[in-house]
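Letters A, B, ... are given to chains in the order of the sequence lines, protein chains preceding strands, and every chain is numbered from 1. Nothing here was measured: the structure is a model prediction, and the numbers come from that model.
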Amino acid sequence: MESKRESKADKLAELARRRGFFWQALEIYGGVGGFVSFGELGVKLKDKTIRLWRDYFIHRHNFTEVDTPLISPYVVFEASGHVGSFKDPMAECLKCHKKFRADHLLMEYNRQISEGMSIEDTEKEINKGDVKCPECGNTKWSVRHFLTMFETTIGPYSESEGFMRPETAQGIFTEFKRIYEISRGKMPLGVAQIGKAFRNEISPRQGVIRLREFSMMEIELFFDPLNPKCPLLNQVENEELRILPEDLVEKGIEEPLIISVKDALSKGIIKQEWLAYFMVLSKKFAIKLGIPEDKQRFHAKLPSERAHYSAQTYDHEVLLDKFGWVEVAGHAYRTDYDLSSHMKKSAVDLSISVQLEEPIRVKHLKMNINAKKIGENFPDKFNDIMKRLKEMSPEDAKREIDNSGAIMVEGLKLPKEAIEFVDTEEEVKVRRFIPHVVEPSFGIERLVYATLEHAYSEKEDRAILKIPPYLAPIQAAVFPLVSKDKLQEKSIAVWEDLRRKGIDAIYDDSGSIGRRYARADEIGVPFAITIDYQTLDDDTVTIRDRDTWKQKRLTIKDLPDHLLGLLRSSDP
RNA sequence: GCGGAGUUGGUCUAGCCUGGUUAGGAUGUCAGCCCCCCAAGCUGAAGGUCGCGGGUUCAAAUCCCGCACUCCGCACCA
């Protein structure tokens with residue numbers, strides 16, 4: 001065949017553009033890398049993918065869903081650690097123009113680097129003459145910040161710096177207090193968010209696989225670290241997962257381990273029950289999208305490549321024709337990193353409390369502050385000192401006094417007589433803690449693409465998208481066998497009836513019947529209803545199956561219910 | 001960012017080296033004819049500032065320069 005050299009991915013990209021699933025955006029300005037637009041079919045497929053996800057991940061668990069801002073001020077991403085880890089000093093070799101992480105280079109030469117080192121200082125340090133370009137050996141560098149978050153400003157006079165969110169998760173963390181309140185203290189608490197995220201990638205090739213603006217579906221599952229059990233685990237513990245754990249990844253092994261959830265947990269391959277639960281759900285969801293299980297795997301992230309917040313991460317990867325193994329979802333155990341960070345930064349208590357079944361007696365250190373003594377010694381600073389002391393933990397204060405015989409507050413040395421420490425014991429009915437978080441996070445465009453690629457097939461040189469019926473953008477097409485003798489009128493009536501019953505149906509009477517079947521197959525319409533001369537006699541129509549081309553005859557009256565039955569997604 | 005290749009109606013492409021009349025074809029789309037089941041046929045129509053900008057020339061899709069984008073490698077991908 002002529003088109004032998006063309007890959008499936010190429011043909012699919014062409015089909016997606018031609019029929020209006022999606023295409024590179026801003027074509028009239030030459031196109032801008034990393035941005036795509038979706039047409040009607042793409043919008044519908046995306047929408048149905050989201051609906052299915054909601055069913056799998058939100059509704060069946062009674063999780064809640066939120067929609068938070070896309071733009072947040074600098075401080076949010078400073079707290080979350082993104083400013084630190086998304087904003088890397090890049091050193092460019094002035095001779096060969098290769099770029100490297102400046103901090104990594106300096107580290108190789110055992111040079112002092114500090115956390116908040118400025119660009120100027122870093123540049124000075126790296127240009128002292130001994131740091132050689134690994135590529136060409138040159139020693140002259142220019143250092144610039146490389147920031148993979150989109151920066152913007154907030155306010156009419158650009159009063160404050162802001163960022164487009166690089167993940168939807170932070171909105172859930174910043175709003176956690178109120179969400180928890182609204183959820184009436186539920187724990188574990190699942191909070192989902194679906195929306196756009198932005199990453200200013202260096203070179204976003206690979207079409208829809210790597211975008212600068214993309215859509216995510218995320219859940220933050222909050223749980224009590226002392227009660228990390230997932231009550232739903234028994235539903236999935238015998239399921240098998242195809243896993244590449246850290247040790248295999250380190251050895252460069254590509255063949256995944258096939259292991260039951262139960263075993264993976266007991267062997268510590270998966271560290272958290274909720275993480276395991278969501279991994280199974282993720283697998284089932286991908287199967288539901290039409291991605292076979294043997295084209296899926298869970299790939300452990302090594303500590304060095306893991307995100308700054310993660311204690312364990314598995315990438316859910318699917319095998320694609322041209323791009324190889326591609327991450328469609330990330331499953332991360334984020335511990336209490338995010339809430340703790342926001343708590344520190346905002347000075348707002350984000351811990352929650354649970355009633356203990358039985359009150360317990362706890363010993364703790366109490367700090368009795370001798371206000372009189374402080375007032376006598378530092379009358380001017382009294383209020384400030386008291387405020388700071390109250391913020392201090394008694395343990396820290398005691399340690400300082402034990403070590404140095406005094407305590408520094410507001411630059412003043414308080415004598416140890418100012419504070420008295422008492423061991424107390426009291427009855428506690430509640431326990432406070434910062435919830436831990438497990439996060440399954442999905443990239444919608446990648447899922448949509450993977451769905452399309454696995455649905456793509458050819459028959460007699462024509463393209464057929466075998467999209468599962470419950471996902472198909474157009475669910476039914478109504479055709480008059482020929483465009484005459486009242487067949488059109490009858491067809492339009494059937495079409496309108498289907499639409500009124502909530503079925504995504506189209507009508508087409510242009511060209512031969514074969515051509516119309518082909519057009520419908522190409523965009524994955526699972527069922528084609530044909531009105532022929534027999535219809536005019538007995539009110540029956542034929543329904544043609546996209547995948548088998550088999551036809552069945554039934555009455556117009558039974559058609560809608562029959563179709564709805566075929567379109568329903570049965571649970572896994 | 002670097003190196004290489006490329007960008008021509010909706011889609012796929014010929015033409016470019018060797019500058020020269022209305023940029024050719026296939027397919028698709030639309031209208032009409034025909035048509036009782038899988039891209040059939042016939043007739044007709046619409047659709048292109050040849051990626052963008054500049055230069056050379058009497059004349060540029062074609063030669064030169066810059067930029068954007070795409071693909072393949074390298075680097076980057078929290």
Could you measure between the two C1' atoms, the one in B:C34 and the one in B:G25, and give it in whole Å?
26 Å
Quick note, A:I513 side chain, CB onward, closest among B:C30, B:A39, B:C37 is B:C37
Between B:C35 (C1') and A:K486 (NZ): distance, integer Å
20 Å
Rounded distance (nearest 0.5 Å) linking atom CD1 of A:I194 with atom CZ of A:F57:
11.0 Å
Any idea which of B:C72, B:C36, B:G10 is nearest the A:R18 side chain?
B:G10
If the C1' atom of B:G55 is compared with that of B:U43, how far apart are they to the nearest Å?
48 Å
I want to check one thing: is the phosphate of B:A40, taken as OP1 and OP2, less than 4.0 Å away from some side-chain N or O of A:S512?
yes
Do A:D532 side-chain and B:C37 base share a donor-acceptor contact under 3.5 Å?
yes
Taking a pair to mean Watson-Crick or G-U wobble geometry with both distances below 3.5 Å, B:U56 pairs with none
Please report the distance separating the P of B:C67 from the corresponding atom of B:G1, rounded so that it comes out in whole Å.
9 Å
Select base, sugar-phosphate, or nothing to describe what A:Q206 touches, counting heavy atoms under 4.0 Å on all strands.
sugar-phosphate
Partner of B:C37 under the Watson-Crick or G-U wobble criteria, both distances under 3.5 Å, comes out as none
Closest nucleotide of RNA chain B for A:R210 versus for A:R519: which of these residues is on the 5' side?
A:R519
Between B:G47 and B:A26, how far apart are the two C1' atoms, rounded to whole Å?
15 Å
Length of the line joining A:R19:CZ and B:G28:C1', which is rounded to integer Å:
10 Å
When you measure from the side-chain N and O atoms of A:Q24 to the phosphate of B:U70, is any distance below 4.0 Å, counting only OP1 and OP2?
yes
For the residue pair A:W53 and A:F442, categorise the inter-ring angle as parallel (less than 30°), tilted (30 to 60°) or perpendicular (more than 60°).
perpendicular
Taking all atoms of both residues into account, what is the closest heavy-atom pair of A:D338 and A:Q170, and its distance?
OD1-NE2, 3.1 Å
Rounded off to whole Å, could you give me the CD1-to-P distance for the A:I209 and B:C71 pair?
12 Å
Is any N or O donor-acceptor pair between the side chain of A:R544 and the base of B:C38 shorter than 3.5 Å?
yes
If I pick the P atom on B:C16 and the same atom on B:U56, what distance separates them, to the nearest angstrom?
25 Å
Considering Watson-Crick and G-U wobble pairs with both distances under 3.5 Å, what does B:U27 pair with?
B:G10
Re B:G19: Watson-Crick or G-U wobble partner, both distances kept under 3.5 Å, found to be none
Over how many whole Å does the gap from A:I28 atom CD1 to B:U49 atom P extend?
13 Å
Sugar-phosphate only, base, or nothing, as touched by A:Q551 at under 4.0 Å among non-hydrogen atoms:
base
Identify whether a stacking contact exists between A:Y517 and B:C37, where the ring centres must be under 5.5 Å apart and the planes under 30° apart.
no
Side chain of A:K484, heavy atoms from C-beta onward: which of B:C35, B:C38, B:C77 has the nearest atom to it?
B:C35
Please determine, for B:G47, whether a Watson-Crick or G-U wobble partner exists with both distances under 3.5 Å, and give it or none.
none
Sugar-phosphate, base or nothing in reach of A:G207, heavy atoms under 4.0 Å:
sugar-phosphate
With a cut-off of less than 4.0 Å, is there a side-chain N or O of A:S483 near OP1 or OP2 of B:C35?
no
Rounding to a whole Å, what distance do you find between A:I523:CD1 and B:U29:C1'?
15 Å
Could you tell me how far apart A:L465 (CG) and B:A39 (C1') are, to the nearest whole angstrom?
16 Å
For nucleotides B:A46 and B:G28, find the distance between their C1' atoms and express it as a whole number of Å.
13 Å
Would you kindly give the CG-to-C1' distance between A:D508 and B:C38, to the nearest whole Å?
14 Å
Does A:K459 reach a base, just sugar-phosphate, or nothing at all? Heavy atoms under 4.0 Å.
nothing
Opposite nucleotide pairing with B:A5, Watson-Crick or G-U, both atom distances under 3.5 Å
B:U70
For B:U62, the Watson-Crick or wobble counterpart (both distances under 3.5 Å):
none
Salt bridge A:K8-A:E453, side-chain N to carboxylate O under 4.0 Å:
no
Could you give the distance separating B:C30 and B:U70 at their P atoms, to the nearest angstrom?
31 Å
OP1 or OP2 of B:U29 sitting under 4.0 Å from any side-chain N/O of A:R515?
yes
Return the pairing partner of B:C42 with a 3.5 Å limit on both distances, Watson-Crick or G-U wobble; otherwise return none.
B:G32
Please state whether the phosphate of B:C12, meaning OP1 or OP2, lies under 4.0 angstrom from any side-chain nitrogen or oxygen of A:R17.
yes
If you draw a 6.0 Å radius around NZ in A:K459, do more than 12 non-hydrogen atoms from other residues or ligands fall strictly inside?
yes
In sequence, state the C-alpha distance, the side-chain angles, and the governing distance for A:D532 and A:T530, and then conclude on side chain to side chain donor-acceptor pair (under 3.5 Å).
CA-CA 6 Å; A:D532 56 20; A:T530 306; over 6 Å; no
Charged N-O contact under 4.0 Å between A:K490 and A:D539:
yes
Give a yes or no answer on whether the side chain of A:R242 reaches the backbone of A:K295 with a donor-acceptor pair at less than 3.5 Å.
no
Carboxylate-amine/guanidinium proximity below 4.0 Å for A:E167 and A:R199:
no
Distance check needed: B:U27 P versus A:R462 CZ, whole Å only.
17 Å
Would you measure the distance from the C1' atom in B:A14 across to the matching atom in B:U57 and give it in whole Å?
26 Å
Give a yes or no on whether a donor-acceptor pair under 3.5 Å exists between the nucleobase atoms of B:C69, that is its base, and the side chain of A:E27.
no
